[in-house]
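One structure below.
Counting starts at 1 for both ligands and their atoms, following the listed order. Every heavy atom of this structure was used, including side-chain atoms; hydrogens, water molecules and symmetry mates were not.
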Amino acid sequence: MAVYIVLLGPPGAGKGTQAEKISSVYHLTHVSTGDLFRENIRENTELGKKAREYTDNGLLVPDEVTIAMVEDRLKKEDCKNGALLDGFPRTIKQAEVLDEMLKNSFDAKVNIVPCIEVNQEDLIQRISGRRMCKNGHVFHIVTKPSKVEGICDECGEPLYQRADDNSETVKTRLNAYNETTAKLVGYYGAKGVLKTIDGNKSISEVSDAILAAIDEAI
Ligand code: AP5
Ligand code: MG
């Protein structure tokens, strides 16, 4: 049976960082809607043109655009054993459509939703020091520096600072999380699949807590 894990948590909580570890342990494809939008923006596709005005301003991309992109992605061969979803769903509508899609197309469901919680001041520190490569590998100038400055340890690509990692846009992103996405805590809590994770600890301590929660659930 395919396994679907949804990583929930505010901007900068460590979803992408933890996804690297979880996807390698469980051999699950990491599907990050943020990474997919950034790839489309870099390649200047029609989807990228639609998404850019929202992502650059820290606003949620409309549901119909986001849902269609995820539906296409989950049908690909590398998701046949399931997926690790990072940054999707972010609205109740997206969560409902995901449940229907998994049931109707794959006879599956969301198995577990680790929700990484981090203090707001730390989120801002994490985001302001983040550097990443075009393949989605994540570093931090203080807590997780790359071995060679400006170069990804994993793939050798240059590291860059995201266009939406500035203090103004971060405030909008945190608002979008608190006002809209945080409702998913109740949605998944009611289904009995939510697992709250203390994200204020080191990267490896957070990984251990998430892996233990997944092991218990699947
Ligand atoms: P997205 O790319 O998903 O951004 P986000 O949700 O704001 O989350 P981040 O990627 O900023 O944080 P993260 O939790 O992955 O943290 P990370 O591991 O990098 O989305 C971008 C935009 O796309 C959205 O604003 C929206 O416009 C659009 N979008 C995406 N999905 C959408 C959807 N479903 N619907 C509508 N619109 C959508 O870690 C952060 C930093 O902290 C790193 O430097 C890392 O090294 C460091 N760090 C991580 N863990 C620790 C730790 N434990 N201790 C110390 N440092 C740590
Ligand atoms: Mg991320």
Between Cys155 and Asn135, the two heavy atoms sitting closest are SG-ND2, 3.3 Å
- Query: Is any side-chain N of the basic residue among Glu77 and Lys80 closer than 4.0 Å to the acidic one's carboxylate O?
  - Reply: yes
* Asked: So does Lys144 have more than 12 non-hydrogen atoms from other groups sitting under 6.0 Å from NZ?
  -> yes
Within a radius of less than 6.0 Å around CG of Asn119, do more than 12 heavy atoms belonging to other residues, nucleotides or ligands occur? yes
Please determine whether side-chain contact (heavy atoms from CB on, under 4.5 Å) holds for the pair Lys50 and Val61, giving the CA-CA distance in whole Å, both sets of side-chain angles, and the decisive distance to 0.1 Å.
CA-CA 8 Å; Lys50 274 187 213 154; Val61 178; over 6 Å; no
Distance filter under 4.0 Å, heavy atoms only, around ligand 1 gives Pro10, Pro11, Gly12, Ala13, Gly14, Lys15, Gly16, Thr17, Thr33, Gly34, Phe37, Arg38, Thr55, Leu59, Leu60, Val61, Thr66, Gly87, Phe88, Arg90, Gln94, Arg126, Arg130, Val138, Phe139, His140, Thr143, Arg162, Asp164, Arg173, Lys201, Ser202, Ile203
Subject >> Salt-bridge present (Lys49, Glu46; N to O < 4.0 Å) >> reply: yes
